[in-house]
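Report on the structure given below.
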Amino acid sequence: MKISLLMAKSVREITFSEKAISVLSSLGELTFNQTESTDIETVKKTIKNADIAITAGGNTNLVKEILDEAPELKLVVHAAGTIKPIVSDEIWKRNIRITSSPKALGMGVAETALGFTISASKNFYNLSKNTASGGWYEGREKIIDLFDITIGVIGAGWAGKHYISLIKNFDVDVIVYDPYLSQEKIQSLGARKVELDELLKTSDIVSIHAPSIKETYKMINEHTLSLMKKDAVLINTARGSLIDENALYNHMKAGNLKYACLDVTDPEPPAVNNPLRSLPNVILTPHLAGLVNYGKRKIGIHVCEEIKKYLEDRPMDCEVTEKMLATMA
């Protein structure tokens, strides 16, 4: 069994700890890309005669010219989120299975969303500013405890599901809008399935975890914002394209929403003169919700787990089919 790691050397070192490399070594013979290049010629040399290939961010599309070097290739494991940058029609033609790492990434996203949920509901941001400037009690009346309120979750993929599992530790009602999941599936998560309009009208906190696809483009816009409670909190750790930023600015400038907590914008980074930067109740962070720094090693461990499941003929957590790809970011 030959396992080829195709990503740039620096990416591999960030993603795969010594422990993960040791596990991979126990599963097969490893070959590495020892350069910072991921061009076709470099990848062709690395993938030669591989049974399993591991890709990551920065890898190029696995086209026929590359795959011809590995006629026995049966599995590609993408050590990142979406597989769109690396998947080709040739992969499907050859019945090569493919899986990725949204489960590991989703944990970091969900945990960041929970942090926003707690800090915004407790009014940390404004209270911190007030206290630093000499105040004390001002703003305490805007504190909302995570008790007996409604949390709306838009999208229950890996990140959304983990966010639900975290927020269920509090005494709150959770409702979900996800047209791709059945009512029974959402109920099994401990939540209730609703349409988007109902979610926006009734939620005290809305956390977005939907993919960036045609159907979700600017789904939070002038109309949908008008449905939200005046003092609601909006959290976006998904993709910036899901929110019409001009509409959000106008809505909040008029005194609506307690906070908008945005880890993502469209484009990134936001322009220096982006008007959202000027609003004190817009909390902007630099796309840190996914795994960063040493946290990326969770991805390496997840890759090992997916390969073990494949070799043991067990279902992999994050396998992607050609049909599924159309609904993914």
> Any side-chain donor-acceptor pair under 3.5 Å between E306 and T99?
Replying inline: yes
>> How long is the straight-line distance from NZ of K298 back to CD1 of I301, given to the nearest 0.5 Å?
In response: 11.5 Å
> Where do K258 and D231 come nearest, in terms of heavy atoms and distance?
Replying inline: CB-O, 3.3 Å
>> Could you report the tightest heavy-atom contact between L105 and A80, atom names first, then the distance?
In response: CD1-C, 3.6 Å
> Can you name the closest pair of heavy atoms from T321 and W92 and give their distance?
Replying inline: C-CH2, 3.7 Å
>> Restricting to non-hydrogen atoms, name the atom on G57 and the atom on H78 that form the minimum distance, rounded to 0.1 Å.
In response: N-CE1, 4.2 Å
>> With clusters defined by side-chain heavy atoms of hydrophobic residues (ILVMFWY) lying less than 4.5 Å apart, directly or transitively, does V264 cluster with L284?
In response: no
>> Quick check on E195: does its CD atom have over 12 non-hydrogen neighbours (other residues, nucleotides or ligands) under 6.0 Å away?
In response: no
>> Could you check whether any side-chain N or O of N49 sits under 3.5 Å from a backbone N or O of A70, counting only pairs where one atom can act as donor and the other as acceptor?
In response: no
> Quick one: do I149 and L200 end up in the same hydrophobic cluster if we chain Ile, Leu, Val, Met, Phe, Trp and Tyr together by side-chain heavy atoms under 4.5 Å apart?
Replying inline: no
>> Using a strict threshold of under 4.0 Å (side-chain N to carboxylate O), is an ion pair present between K193 and D178?
In response: no
>> I'd like to check N250 versus E222 (side-chain heavy atoms, cut-off strictly below 4.5 Å). Are they in contact?
In response: no
> Out of curiosity, Y217 OH to S241 OG, how far, rounded to the nearest 0.5 Å?
Replying inline: 7.5 Å
> Under a 4.5 Å cut-off applied to non-hydrogen side-chain atoms, are E41 and E65 in contact?
Replying inline: yes
> Hey, is CZ on R140 packed in by over 12 heavy atoms from elsewhere, all under 6.0 Å?
Replying inline: no
> Do N130 side-chain atoms and E138 backbone N/O form a donor-acceptor pair below 3.5 Å?
Replying inline: yes
> What do the steps show when you test T150 against T202 for side chain to side chain donor-acceptor pair (under 3.5 Å), and what is the final call?
Replying inline: CA-CA 7 Å; T150 299; T202 58; 5.6 Å; no
> Side-chain contact, heavy-atom cut-off 4.5 Å: I40 with I66?
Replying inline: yes
> Any side-chain heavy atom of I243 sitting closer than 4.5 Å to one from L262?
Replying inline: yes
>> Assigning hydrophobic clusters by single linkage (Ile, Leu, Val, Met, Phe, Trp, Tyr; side-chain heavy-atom cutoff under 4.5 Å), is I235 placed with M228?
In response: no
>> Quick check: closest heavy atoms across I91 and V87, and the distance to 0.1 Å?
In response: CD1-CA, 3.9 Å
> Do K296 and E13 sit within salt-bridge range, that is, some charged N less than 4.0 Å from a carboxylate O?
Replying inline: no
> Is any side-chain heavy atom of Q34 closer than 4.5 Å to a side-chain heavy atom of R12?
Replying inline: yes
>> I'd like to check the side-chain contact (heavy atoms from CB on, under 4.5 Å) partners of Y125; sequence neighbours left out, ordered by chain and number.
In response: F116, S119, A120, Y259, C261, I283
> Any salt bridge between E72 and K74, counting N to O under 4.0 Å?
Replying inline: yes
> Thinking salt bridges, do D145 and K122 make one under a 4.0 Å N-O criterion?
Replying inline: yes
>> For a side-chain contact (heavy atoms from CB on, under 4.5 Å) check, start with the C-alpha distance between V109 and H209, then their side-chain angles and the critical distance, and finish with the verdict.
In response: CA-CA 9 Å; V109 171; H209 299 282; 4.0 Å; yes
> Given the rule that I, L, V, M, F, W and Y join up when any side-chain heavy atoms are under 4.5 Å apart, are L146 and L199 in one cluster?
Replying inline: no
>> Could you go through H287 and T285, starting from their C-alpha distance and side-chain angles, then the distance that decides it, and tell me whether this counts as side chain to side chain donor-acceptor pair (under 3.5 Å)?
In response: CA-CA 6 Å; H287 202 147; T285 52; over 6 Å; no
>> Between T42 and T38 (side chain of the first, backbone of the second, donor and acceptor by atom type, cut-off under 3.5 Å), is there such a pair?
In response: no
> Name the one of L234, I220, N236, N221 that satisfies side-chain contact (heavy atoms from CB on, under 4.5 Å) with L248?
Replying inline: L234
> Is atom NZ of K229 surrounded by more than 12 heavy atoms (other residues, nucleotides or ligands) closer than 6.0 Å?
Replying inline: yes
> Okay, side chain of S207, backbone of A113: is any donor-acceptor separation there less than 3.5 Å?
Replying inline: no
>> Test your reading of the model: is there a side-chain donor-acceptor pair from S101 to the backbone of I299, 3.5 Å cut-off?
In response: no
> Salt bridge or not for D51 and K2, using N-O below 4.0 Å?
Replying inline: no
>> Quick one, I175 and S203 - any side-chain contact, counting heavy atoms below 4.5 Å?
In response: yes
>> Between K161 and L189 (side chain of the first, backbone of the second, donor and acceptor by atom type, cut-off under 3.5 Å), is there such a pair?
In response: no
> Can we say E69 and K48 salt-bridge, meaning some charged N sits less than 4.0 Å from an Asp/Glu carboxylate O?
Replying inline: yes
>> With a sphere of 6.0 Å drawn around NZ of K129, does it hold more than 12 non-hydrogen atoms of other residues, nucleotides or ligands?
In response: yes
>> Hydrogens and angles aside, do E245 and N274 bring a side-chain donor and acceptor to less than 3.5 Å of each other?
In response: yes
> Are Y163 and Y177 grouped together when hydrophobic residues (ILVMFWY) are joined by side-chain heavy atoms under 4.5 angstrom apart?
Replying inline: no
> Do other residues, nucleotides or ligands put more than 12 heavy atoms under 6.0 Å from the CD atom of E18?
Replying inline: no
>> Treating T265 as the side-chain partner and G240 as the backbone partner, does any N or O pair qualify as donor plus acceptor under 3.5 Å?
In response: no
> What's the spacing between L73 CG and N95 CG if we round to 0.5 Å?
Replying inline: 12.0 Å
> Passes side-chain contact (heavy atoms from CB on, under 4.5 Å), F16 versus R297? Steps please.
Replying inline: CA-CA 6 Å; F16 290 86; R297 294 176 187 170; over 6 Å; no
>> Return the NZ to SG distance between K309 and C304, rounded to the nearest 0.5 Å.
In response: 12.5 Å
>> Pair V172, F147 - check side-chain contact (heavy atoms from CB on, under 4.5 Å), show working.
In response: CA-CA 5 Å; V172 296; F147 168 76; 5.9 Å; no
> According to the salt bridge (Lys or Arg N to Asp or Glu O under 4.0 Å) rule, which pairs have a member within residues 29-39, sequence neighbours left out?
Replying inline: none
> Donor-acceptor pair, T216 side chain versus M219 backbone, under 3.5 Å?
Replying inline: no
>> Is any side-chain heavy atom of K218 closer than 4.5 Å to one of L242?
In response: no
> Should M1 and I3 be marked as a side-chain contact (heavy atoms from CB on, under 4.5 Å) after you check the CA-CA gap, both sets of side-chain angles, and the distance that decides it?
Replying inline: CA-CA 7 Å; M1 175 69 63; I3 302 172; 4.3 Å; yes
>> Return the OG to CG distance between S10 and N33, rounded to the nearest 0.5 Å.
In response: 9.5 Å
> Under 4.5 Å between any side-chain heavy atoms of I86 and I98, yes or no?
Replying inline: yes
>> I'd like to know if the side chain of R277 and the backbone of P270 have a donor-acceptor N/O pair within less than 3.5 Å.
In response: yes
> Should the pair R94-D68 be classified as a salt bridge under the 4.0 Å nitrogen-to-oxygen rule?
Replying inline: yes
> Quick one: does S128's side chain have a donor or acceptor within less than 3.5 Å of a partner on F124's backbone?
Replying inline: no
> In Å and rounded to the nearest 0.5 Å, what is the CD1 to CG distance from I54 to L6?
Replying inline: 8.0 Å
>> Consider side-chain contact (heavy atoms from CB on, under 4.5 Å). Of V153, I118, I151, I205, which one does I167 pass it with?
In response: I151
